> 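Supplied in structure tokens, the structure appears directly below.
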Number of protein chains: 2
Amino acid sequence: MTNPSLYPRPALTVDCVVFGLDQQGLQVLLIQRDVPPFAGEWALPGGFVRLDESLDAAARRELSEETGVRIEYLEQLYTFGAVDRDPRERVVTVAYYALVKLASHAPVAATDARAAQWFPIGSTPKVAFDHEQILTAALERLRGKLRRKPVGFDLLPPRFSLRQLQQLYEQVLGRELDKRNFRKKILGMDLLVETDERESGVAHRAARLYRFDVKKYQRLCLQGFHFEV
Amino acid sequence: MTNPSLYPRPALTVDCVVFGLDQQGLQVLLIQRDVPPFAGEWALPGGFVRLDESLDAAARRELSEETGVRIEYLEQLYTFGAVDRDPRERVVTVAYYALVKLASHAPVAATDARAAQWFPIGSTPKVAFDHEQILTAALERLRGKLRRKPVGFDLLPPRFSLRQLQQLYEQVLGRELDKRNFRKKILGMDLLVETDERESGVAHRAARLYRFDVKKYQRLCLQGFHFEV
DNA sequence: CCAAAAGTGTTTCACGTACACCCATGC
DNA sequence: GCATGGGTGTACGTGAAACACTTTTGG
């Protein structure tokens, strides 16, 4: 490893897969490109990494600039570096995925002029570059993460019903779960605290709302506790 | 996302954590730097990504140039991009980890002039840059991977005893396992085939040697089989 | 014959899974 | 009063964990 300045360099970008949850299920946020290549096509929000910012910071900045969503959870996913993934020239991209509380946002949130839109997983349009591959990888990672870490709560409002929680797991894991077993398991971890609030605006018995006790989770983790659904 | 050539770019490198297993346990391969910064200190093998090679290709090339080891398994780990991780200038590195069959190599393998040396996990010297952090991340990832995928066989010779396999798991996972339960579980997966060879050169009853049936594993995976130790 | 590791079964307990009914509420 | 989902307990089976002794071989 000699002097770095002697080598021609790939361009370096970050791209983000933003997941949100609403009544229709799990959604991804895409933006419409306004410049070539792939002008007019949908793509993941992202952009170039600046010299004075870390990769995480670049991801957060791009998300804030392009979508204005408030990020609950952000994790680096994988770095994609196929030689021809950008037709212009060599571009390596560090992909991230993010979770947001979709319920608290306007359905389409975009701070700058670009169109941003939520698409249900499984009904995404054709996307630019190798972004399809990134989307797939992100979803796979989310599935694994959700089972092993309590990140699901970052997709839900601060207070939620057990039904909401169960539906989240069902949608992301792609299979049905038994109501009684699910409640037994989740409540058995002793990480949810009952609030005295209840669901409102439903045409049936209102469900009790719970909140996730982050502090308690962190304490348990130090004692070797392992979250798993 | 406008024209990439308008932005100043970070330098981009790959660094590899190479794991091998011998009688002393799990080892990591480090090389001694011969140029500043950190000249004389130990570091992970790695180097700059060229414009005409993918990230994986760059990792393989660097490993071959700097260490000459034959790679059994290679996986991208994480991309490290703190602003000041290289004192010279902004350098982002894509870290990989690799598994090699150490028994079949000379204890120190280096094809070019640089010193390369194996160090036991837990007795590594001070390393340059943020390589300590990368090492830690690699070990953590290896632990998880080993439990969920049959990558352990990439650290063992093609024919191995159950004891060797068990010791591998004990060393990497950092805890003792019950011999009978271990054998029951492993043999129960029906992925090891008995060979008619036995251990040699031991001062006690010689153990039977097994080999891992990759084909069968792949077939089972398609049917939803899930490896777990 | 002694040291050292190979090889082998059973019992116990925890946890996952399957499964059905009454209750509260809004309309 | 009816439709809709909220909320609850039990029985069964599978799989993990604990546990000790006999066999083989080399020196």
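Quick caveat: nothing in here was measured; it's all calculated off a predicted structure. What you see below is based on every heavy atom in this structure, not just the backbone, and it leaves out hydrogens, waters and symmetry mates. The chains referred to below are lettered A, B, ... by the order of the sequence lines, with proteins before strands, and numbering in each begins at 1.
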> Without decimals, in angstroms, what is the distance between B:Asp178 CG and D:dG15 P?
18 Å

> Within the structure shown, what part of the strands sits under 4.0 Å from B:Arg183 by heavy-atom distance: base, sugar-phosphate, or nothing?
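Base contact.
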
> Check each of A:Leu187, A:Leu156, A:Leu165 against A:Tyr210 using the side-chain contact (heavy atoms from CB on, under 4.5 Å) test, and report the only one that passes.
A:Leu187

> Between A:Tyr78 and B:Tyr78, is the ring centroid distance below 6.0 Å?
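No: the rings miss the under 6.0 Å criterion.
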
> Give the rounded distance in Å between these two atoms: CG of B:Leu177 and P of D:dA16.
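Going from B:Leu177 (CG) to D:dA16 (P), I get 13 Å.
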
> For B:Val202 and for A:Arg208, find the nucleotide of DNA chain D with the closest heavy atom, then tell me which residue's nucleotide is more 5'.
A:Arg208

> Could you give the OH-to-C1' distance, from B:Tyr210 to C:dG7, as a whole number of Å?
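Interatomic distance, OH of B:Tyr210 to C1' of C:dG7: 9 Å.
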
> When you measure from the side-chain N and O atoms of A:Arg163 to the phosphate of D:dG6, is any distance below 4.0 Å, counting only OP1 and OP2?
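Yes, within the criterion.
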
> Once you round it to whole Å, what is the distance between C1' of D:dG5 and CD of A:Glu199?
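Going from CD in A:Glu199 over to C1' in D:dG5 covers 9 Å.
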
> How close or far is atom C1' of D:dG6 from atom CD1 of A:Ile186, stated in whole angstroms?
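In whole Å, D:dG6 C1' lies 17 Å from A:Ile186 CD1.
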
> Choosing from D:dA20, D:dG6, C:dC19, which nucleotide comes nearest the side chain of A:Asn181?
C:dC19

> Looking at A:Gln164, A:Gln27, A:Gln171, A:Lys101, which one forms a side-chain contact (heavy atoms from CB on, under 4.5 Å) with A:Leu21?
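Going through A:Gln164, A:Gln27, A:Gln171, A:Lys101 one by one, the side-chain contact (heavy atoms from CB on, under 4.5 Å) with A:Leu21 is satisfied by A:Gln171 alone.
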
> Is there a donor N/O on one and an acceptor N/O on the other, under 3.5 Å, for the side chain of A:Arg180 and the base of C:dA20?
yes

> Measure distances between side-chain N and O atoms of A:Lys185 and base N and O atoms of C:dG16, and say whether any donor-acceptor pair falls under 3.5 Å.
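By the distance-only test, no, there is no pair.
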
> Using the six-membered ring wherever Trp is involved, compare the ring planes of A:Phe227 and A:Tyr217 and label them parallel, tilted or perpendicular (cut-offs 30° and 60°).
perpendicular

> Using whole Å, what does the distance between atom P of nucleotide D:dA16 and atom CZ of B:Arg175 come to?
13 Å

> Provide, to the nearest angstrom, the distance between the NZ atom belonging to B:Lys179 and the C1' atom belonging to C:dT8.
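These atoms are roughly 9 Å apart.
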
> With a 4.0 Å limit, can you tell me whether A:Arg205 has a side-chain N or O closer than that to the phosphate oxygens OP1/OP2 of D:dT4?
no

